Amino acid sequence: MIAKPRYDVIVFGATSFVGKLITDYLWRQYGIDGALSWGIAGRSEERLQELRDGLGDKAAALPIIVASADDEEDLRAMCEQARVILSTVGPYALYGELLVKACAETGTDYCDLCGEPQWIARMAERYHTIAGASGARIVHSCGFDSIPSDMGVWYLQQEAQKAWGKPCQHIQMRVVDSKGGVSGGTVASMLNMAKEASKDATLRKKLADPYLLCPPDHGFRARQMEQKIARYDRDFKQWSAPFVMAAINTRIVHRSNALLNHSYGEDFRYDEAMLTGTGIKGSAMAGAIASATGAMLLGAGLGPLRSALERYVVPKPGEGPSPKLQREGFFVLQFLGHGSGGEKLRLRVTGDGDPGYASTAKMISQAAACLAQDVSHKAVTGGILTPAATFGDDLIQRLQQHADVEFELQ
Ligand SMILES: NC(=O)c1ccc[n+]([C@@H]2O[C@H](COP(=O)([O-])OP(=O)(O)OC[C@H]3O[C@@H](n4cnc5c(N)ncnc54)[C@H](OP(=O)(O)O)[C@@H]3O)[C@@H](O)[C@H]2O)c1
C-alpha cells in the first residue's frame with residue numbers, strides 16, 4: 001500500500017522573492033494546525049531556518065525539507081512527502097525539469113509560476129504521457145500569468161453556455177489598469193528565454209505560434225490577432241498597446257481549449273492588449289508602451305545589450321518590488337466575449353495587491369490548496385495541464401473568498 005503523504009503542500013523555493021510572500025500568506029492563512037498542512041523547501045537549510053524564524057516563535061514546528069533542484073534523489077524524497085509541490089524555483093527552463101520529471105514519475109501533483117512557453121512546450125512533449133500514467137496533475141502558470149486570463153476565459157465561457165447555449169467565438173481581454181513591479185527571477189526568466197530564442201531560429205518560429213502549447217493533433221486553424229503596435233481599439237473605444245504577458249497567457253488559454261475537448265469551439269479566437277485611454281494622451285501612451293516593449297524585446301535578444309541589462313538595469317535574483325508597492329498594487333481586467341450571432345458578454349476580473357507578487361502569492365497558494373483538497377483524481381486525470389483544465393469553479397470560489405480576486409459579469 002502506498003503511504004499517505006504527510007503534507008498537503010510543500011513550497012519548493014520558499015526563499016525566493018515570491019516564495020517568501022507565499023510562505024507569509026500560507027502562514028497567516030493556515031498557521032501550523034490549520035485546514036492545510038504544509039512545509040517549506042529549498043536548497044539551503046540555513047536560509048529556510050532564517051525564513052521560518054522571521055515568522056515568529058509559533059512557527060518553530062513548520063516543517064523544513066532540504067532539496068536541490070539538480071538532485072533527483074532529493075526531489076523524489078520531497079515528492080513522497082506531499083500531495084502537491086508548489087515550485088518557485090526559476091528560471092524554470094534552467095532549474096525546473098528534474099522536479100517535473102520527479103512529480104510525473106511519482107504521481108505527485110505540482111503547480112508553478114512559469115511564464116516561459118518554450119519550456120512548458122518541452123514539458124508537455126516529454127512528460128504529458130508519463131504524468132497521465134502516474135496520475136500527476138502538473139499545472140503550470142498559476143500566477144498573474146496565467147490565472148486571471150485562463151480562469152477569466154473559462155468563467156466567461158460557462159456564462160455564455162448558460163446564456164446562449166454555445167460558447168463565445170471570440171474573447172478579447174484588455175488590461176484596464178494595473179500597478180506593480182518585477183523581481184529578479186521574472187527578469188532572469190525573460191532574459192533566458194530571449195537568449196534561447198536568439199540562438200535558435202526554429203524556437204523563434206515556435207514562439208510565434210499561438211497554438212505552441214496545444215497537442216500536435218489540435219486541429220485549430222483560426223487566425224489569432226497578436227498586437228505588436230499601438231492601435232485604436234473600436235470595441236473598447238480607447239487606444240491600446242501590446243501586453244507583454246499575452247505571449248504566455250494566450251498560449252495557455254488555447255491549451256485549455258484543447259484539453260477541455262475543444263469546448264470553446266474549433267474556431268475560437270482570443271487576444272490580449274492594454275488600454276491606454278482616449279485622445280492624444282491615450283494615443284501617445286499607447287505609442288510609448290509599444291516602443292518600450294519593442295525596445296526591451298530587441299535589447300533582450302541581443303547578447304551585449306542583454307548582458308548590460310543584467311548587470312546594470314534589472315533587479316537581481318532575490319530582489320523585487322517594495323512592500324509599499326506590493327500593498328498599493330492592483331489589476332483590473334476587462335473581458336469582452338462575442339457570440340457567433342453578434343451576442344456580447346462582459347466580465348471584469350480584479351485583484352488586490354501587486355499582480356506579479358502579493359496577488360500572485362495568494363493565487364498560487366489557493367491553486368495548490370485547491371489541487372490538494374478539492375480536485376478529485378477521478379474528475380481530473382494526470383497530464384501537463386492548465387489552470388482552467390484543472391480547477392474550474394472550486395478555484396473561482398477560493399480566489400474570491402481567500403485571494404481578493406473578483407469575477408463580476410457586467
Ligand atoms: N507567473 C507569474 O505571475 C510570476 C510572478 C512572479 C514570479 N514568477 C516566476 O517565479 C520564479 C521565481 O521568481 P523570483 O523573483 O521570486 O526568484 P528569485 O528571488 O530569483 O529566487 C529563485 C529561487 O530559486 C532557488 N534556486 C536556484 N537554484 C536552485 C537549486 N539548484 N535548487 C533549489 N533552489 C534553487 C533560489 O534558492 P536560494 O534562495 O537558496 O538562492 C531561490 O529560492 C521566476 O521563474 C519568475 O519568472 C512568475
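These figures come from a predicted structure and were not determined experimentally. Whatever order the structure lists ligands and atoms in, that order sets their numbers, starting from 1.
- Looking only at protein heavy atoms, the nearest one to atom 35 (C) of ligand 1 is V89 CG1, 3.5 Å.
- Residue I364 comes nearest to C111 through the heavy atom pair CG1-SG, 4.0 Å, listed as atom of the first residue, atom of the second, then distance.
- With a 4.0 Å cut-off on non-hydrogen atoms, M190 does not touch ligand 1 at all.
- Within a 6.0 Å radius of CD in E46, no more than 12 heavy atoms belonging to other residues, nucleotides or ligands are found.
- Against a heavy-atom cut-off of under 4.0 Å, S68 is close to the following atoms of ligand 1: 31 (N), 32 (N).
- For the pair R28 and D24, the salt-bridge criterion is met [side-chain N within less than 4.0 Å of a carboxylate O].
- Here E97 pairs with R126 in a salt bridge; the nearest charged N to carboxylate O distance falls below 4.0 Å.
- With respect to the salt-bridge test (charged N to carboxylate O, under 4.0 angstrom), the residues K362 and D404 qualify.
- In terms of protein heavy atoms, atom 17 (O) of ligand 1 is closest to G185 CA, 3.4 Å.
- Ligand-side atoms of ligand 1 in range of S183: 14 (P), 15 (O), range being under 4.0 angstrom from any heavy atom.
- Distances from ligand 1 to the non-hydrogen atoms of G318 include at least one value under 4.0 Å.
- Residue contact annotation: G356 has a non-hydrogen atom under 4.0 Å from ligand 1.
- Within ligand 1, counting atoms from 1 as listed, the ones closer than 4.0 Å to a heavy atom of T15 are 37 (O), 38 (P), 39 (O), 40 (O), 43 (O).
- Each of the atoms 3 (O) of ligand 1 lies under 4.0 Å from some heavy atom of G143.
- Checking each of D145, D112, T386 against H140 for a side chain to side chain donor-acceptor pair (under 3.5 Å) leaves exactly one that passes, namely D112.
- Atom numbering of ligand 1 starts at 1 in the shown order; those under 4.0 Å from a heavy atom of T360 are 3 (O), 5 (C).
- Contacts between L113 and ligand 1, counted as non-hydrogen atom pairs separated by less than 4.0 Å, involve both the backbone and the side chain.
- Among all heavy-atom pairs drawn from I248 and S146, the shortest one is CG1-OG, 3.9 Å.
- In this structure, OG in S263 is found 7.5 Å from CD in Q158, a value given to the nearest 0.5 Å.
- For atom 36 (C) of ligand 1, the closest heavy atom belonging to the protein is R43 NH2, 3.9 Å.
- Proximity of S189 to ligand 1, defined as any heavy-atom pair under 4.0 Å, is confined to the side chain (atoms from C-beta onward).
- Counting atoms of ligand 1 from 1 in the listed order, those under 4.0 Å from a heavy atom of Y92 are 45 (O).
- Contact record, C103 with I138: CB-CD1, 3.8 Å, taken as the closest heavy-atom pair.
- Considering backbone and side-chain N/O of R47, one or more are found under 3.5 Å from N/O of ligand 1.
- There is a side-chain donor-acceptor pair under 3.5 Å between Q224 and Y211.
- In this structure, S141 falls outside the shell of residues with a heavy atom less than 4.0 angstrom from ligand 1.
- Electrostatic pairing of D109 and R83 does not count as a salt bridge here, judged by no charged N lying under 4.0 Å from a carboxylate O.
- Atom 30 (C) of ligand 1 has its nearest heavy-atom neighbour, among C114, G115, A69, in A69.
- Taking a cut-off of under 4.0 Å to the non-hydrogen atoms of F12, the atoms of ligand 1 that pass are 33 (C).
- The protein non-hydrogen atom at the shortest distance from atom 7 (C) of ligand 1 is T186 OG1, 3.3 Å.
- The closest heavy-atom contact to atom 12 (C) of ligand 1, among the options L98, L21, T88, I364, comes from T88.
- Each of the atoms 3 (O) of ligand 1 lies under 4.0 Å from some heavy atom of F144.
- For the salt bridge (charged side-chain N to carboxylate O under 4.0 Å, His left out) with E196, the lone residue among R204, K206, R122 that qualifies is R122.
- When all heavy atoms of A286 and A241 are compared, the closest pair comes out as O-CB, 3.7 Å.
- Checked by distance only, ligand 1 and V18 come closer than 3.5 Å through their nitrogen or oxygen atoms.
- Ligand 1 has a nitrogen or oxygen under 3.5 angstrom from a nitrogen or oxygen of D145.
- Looking at atom 43 (O) of ligand 1, its nearest protein heavy atom turns out to be S16 N, 3.0 Å.
- Each of R174, R346, Q410 was evaluated against Q334; a single residue qualifies, Q410, per the side chain to side chain donor-acceptor pair (under 3.5 Å) test.
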